[in-house]
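Single-structure report; data block below.
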Amino acid sequence: MTTTKVLDFSIEGNHRTADRYGRLCFNVGLPDGREAYCLADSMTVSDGVLTLWSETQKVSDDARMDRDPLALLVLAPGAWVHAYAASALDGSPVGVSHLDPPQRPSGLFDEYDEDAA
């Protein structure tokens with residue numbers, strides 16, 4: 001199985017100017033297992049294309065001004081595996097208050113005997 005090459009570069013640490021372009025933090029999962037934390041004002045998905053948008057620009061530490069929408073990141077279908085609004089503190093999904101752990105599919109390990117291992 002081949003993995004789609006997406007964003008074939010890295011950015012170390014906090015990018016100092018990223019907050020100029022967005023108020024919210026989004027986590028975007030890439031097919032190779034990496035996650036990109038992006039600052040943007042909004043996110044849209046249309047026909048599988050994920051776009052992060054800037055609709056404001058930071059003009060000082062406590063002021064922003066409206067701007068014409070600017071596409072900050074556009075990923076084609078298959079170039080991303082998940083996306084969600086994330087906490088800027090720990091990266092967790094901000095819109096999820098509870099999520100049960102995944103259930104093991106029945107029958108998958110029924111023949112495995114832990115005592116025999």
Side-chain angles (χ1 to χ4, degrees):
M1 179 178 154
T2 59
T3 301
T4 303
K5 272 261 197 227
V6 178
L7 302 179
D8 195 17
F9 59 88
S10 67
I11 298 173
E12 297 294 327
N14 290 333
H15 198 278
R16 285 188 276 191
T17 61
D19 69 338
R20 289 182 55 206
Y21 298 100
R23 301 168 288 119
L24 305 172
C25 182
F26 294 92
N27 174 296
V28 179
L30 305 177
D32 64 6
R34 294 180 301 151
E35 294 181 324
Y37 287 90
C38 308
L39 296 177
D41 289 317
S42 65
M43 175 179 65
T44 59
V45 176
S46 178
D47 295 325
V49 176
L50 179 134
T51 307
L52 293 172
W53 295 96
S54 174
E55 295 149 2
T56 63
Q57 184 167 350
K58 184 177 181 178
V59 292
S60 69
D61 283 343
D62 56 352
R64 300 188 78 80
M65 68 178 198
D66 290 341
R67 65 176 300 147
D68 289 335
L70 171 67
L72 300 174
L73 179 68
V74 179
L75 295 174
W80 59 283
V81 294
H82 70 254
Y84 58 83
S87 166
L89 299 176
D90 65 7
S92 63
V94 296
V96 178
S97 64
H98 178 80
L99 178 64
D100 289 330
Q103 298 294 318
R104 183 178 76 178
S106 62
L108 192 62
F109 299 104
D110 288 347
E111 295 182 25
Y112 179 75
D113 183 0
E114 287 184 24
D115 293 332

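Computed from heavy atoms alone, side chains included, the values below leave out hydrogens, waters and symmetry copies.
- Of all the heavy atoms in Thr51 and Ala71, the pair that sits closest is CG2-CB, 4.0 Å.
- Although no hydrogens or angles enter the test, the distance criterion places a donor-acceptor pair under 3.5 Å between the side chain of Trp80 and the main chain of Gly48.
- Minimum interatomic distance between Cys25 and Tyr37 (heavy atoms only, all atoms of both residues): SG-CD2, 4.1 Å.
- To the nearest 0.5 angstrom, Cys38 atom SG is 8.5 Å from Leu50 atom CG.
- Hydrophobic clustering of Ile, Leu, Val, Met, Phe, Trp and Tyr side chains at less than 4.5 Å, counting indirect connections, keeps Val94 apart from Phe26.
- Contact detail for Asp41 and Glu55: the closest heavy-atom pair is OD2-N, 2.6 Å.
- Inter-residue side-chain proximity for Leu72 and Leu39 is flagged as unmet; no heavy-atom pair is nearer than 4.5 Å.
- Residues Met43 and Leu24 are members of one and the same hydrophobic cluster, defined by side-chain heavy-atom contacts under 4.5 angstrom among Ile, Leu, Val, Met, Phe, Trp and Tyr.
- Closest approach of Gly91 to Ala86, counting heavy atoms only: O-CB, 3.7 Å.
- Between Arg67 and Ser54, the shortest heavy-atom distance links the atoms CD-OG, 3.5 Å.
- Arg20 contributes no side-chain N or O that, together with a main-chain N or O of Val59, makes up a donor-acceptor pair within less than 3.5 Å.
- The number of heavy atoms from other shown groups lying within 6.0 Å of CG (Asp47) does not exceed 12.
- When all heavy atoms are compared, the tightest approach of His82 to Tyr84 is CD2-CE2, 3.6 Å.
- In this structure, Val45 is a member of the same hydrophobic cluster as Leu52, with clusters built from ILVMFWY side-chain heavy atoms closer than 4.5 Å.
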